[in-house]
Amino acid sequence: RRPIFRIDAPSVTIIPNEKMTLNRPALYLGPHKLIQLSSYTTSLKPEDQESKFPFPKVGYDNDRGFFISYSQPFLLPGGVYFRAWGGAYTEDGFKGELSLSKSTSIGSFTLNYGQVYDGANDNWIQRLPELSYRTPTIGLGGGWNTYLTARAGRWKGEGLDSWRYESEAWIYHRPISIFEKTLLSFGGAMRYVNEADYNNEFWQPRGYVRLETQWTADLYTS
């Protein structure tokens, strides 16, 4: 039985722990071809976390409706990643964002320009632009980890047009196996926000509980 979504390529060249090249890969929805590339090479290095296959993501979000989105990273000289992202949502229309990121021994730095969904306030905001920083993850033992983030930039959105400074301290537990193919993860944070143009600053607790299930090779829910 063929899956609803599948990727076909006439030939694949793999250099273990180095890279994989697909020749003329294509994404199909049932019998219909959605997109085809002449070739695509992706990293297989274990430390490379930025490699993603450049095919659309299709799904449904209860806040934004049905969507199709596409994200493409490019590795630039000096270990800098450029990423272009775009998505079309039935509730919100088209959104897009560009970013540059660099990972170092002291943490990762990212410059973002474009639109992103702000789940804390349930709306889209425009970053014009924003510089963010994330520390390396620090293991606390017993499955617990922590990290810090900070960001500064100009945000524009529904009821908002201000220079904004924000930081968060997160602590979370690595996923726990509940049932076969089902994982439970959870975490919490304290968030500080300063909206300079409005002379507004506040602290906000945050948290999440996530249940993820890989039902089949083709169906995932969270």
Side-chain angles (χ1 to χ4, degrees), residues 1-22 25-37 40-73 81 83 85-91 101 103 108 116-120 122 134 136-147 149 168 170-189 205-222:
R1 186 179 64 88
R2 286 191 170 185
I4 297 176
F5 285 95
R6 74 181 193 279
I7 295 172
D8 282 349
S11 64
V12 179
T13 302
I14 297 176
I15 301 177
N17 295 322
E18 286 294 330
K19 63 181 180 179
M20 175 177 66
T21 299
L22 289 84
L27 174 68
Y28 287 85
L29 171 58
H32 307 290
K33 185 189 296 183
L34 300 180
I35 187 175
Q36 183 167 32
L37 303 176
Y40 179 71
T41 300
T42 185
S43 173
L44 296 179
K45 295 179 180 179
E47 69 273 16
D48 184 1
Q49 300 299 314
E50 295 294 334
S51 177
K52 298 178 182 177
F53 203 84
F55 283 102
K57 178 187 290 185
V58 180
Y60 174 80
D61 185 285
N62 61 328
D63 292 320
R64 291 161 279 178
F66 290 97
F67 68 88
I68 179 170
S69 65
Y70 182 87
S71 178
Q72 174 64 69
Y81 274 91
R83 184 180 71 94
W85 171 85
Y89 296 80
T90 56
E91 298 293 329
S101 61
S103 295
S108 59
V116 66
Y117 187 72
D118 179 20
D122 192 25
R134 184 189 188 281
T137 298
I138 302 171
L140 302 177
W144 291 96
N145 298 278
T146 185
Y147 66 90
T149 66
E168 286 184 342
W170 276 94
I171 181 171
Y172 67 95
H173 197 283
R174 65 171 178 257
I176 300 171
S177 179
I178 302 298
F179 305 108
E180 184 180 4
K181 300 181 181 180
T182 299
L183 299 175
L184 172 69
S185 56
F186 47 88
R206 302 187 68 188
Y208 70 90
V209 177
R210 181 181 300 120
L211 194 65
E212 306 168 86
T213 302
Q214 189 74 46
W215 299 96
T216 69
D218 313 308
L219 180 61
Y220 163 87
T221 62
S222 69

- Is the number of heavy atoms from other residues, nucleotides or ligands under 6.0 Å of Y208 OH greater than 12? yes
- Give the minimum heavy-atom separation between P175 and S185, together with the two atoms involved. CA-CB, 4.1 Å
- Message: For T137, give me all partners under side-chain hydrogen bond (donor to acceptor under 3.5 Å, both in side chains), at least two apart in sequence or on another chain.
- Response: R134
- Contacts of type side-chain hydrogen bond (donor to acceptor under 3.5 Å, both in side chains), residue S11, not counting sequence neighbours: N23
- Query: With sequence neighbours excluded, what pairs up with Y89 under the ring pair (Phe, Tyr, Trp, His ring centres under 6.0 Å) test?
  - Reply: F67, W124
- Looking only at heavy atoms, which two atoms of A9 and L22 are closest? And how far apart? CB-CD2, 4.0 Å
- Task: Output all residues satisfying side-chain hydrogen bond (donor to acceptor under 3.5 Å, both in side chains) with W170, sequence neighbours left out; order by chain, then residue number.
- Result: E168
- Message: Holding to side-chain contact (heavy atoms from CB on, under 4.5 Å), I want the full list of residues that pass it with F186, two or more places apart in sequence or in another chain.
- Response: W144, H173, I176, L184, V209
- Counterpart residues, side-chain contact (heavy atoms from CB on, under 4.5 Å), relative to T221 (two or more places apart): T213, W215
- Message: I'd like to check the side-chain hydrogen bond (donor to acceptor under 3.5 Å, both in side chains) partners of E212; sequence neighbours left out, ordered by chain and number.
- Response: Y220
- Could you pull out all residues at least two apart from A88 that satisfy side-chain contact (heavy atoms from CB on, under 4.5 Å)? I68
- Message: Can you list everything that forms a side-chain contact (heavy atoms from CB on, under 4.5 Å) with T146? Sequence neighbours excluded, please.
- Response: I138, L140
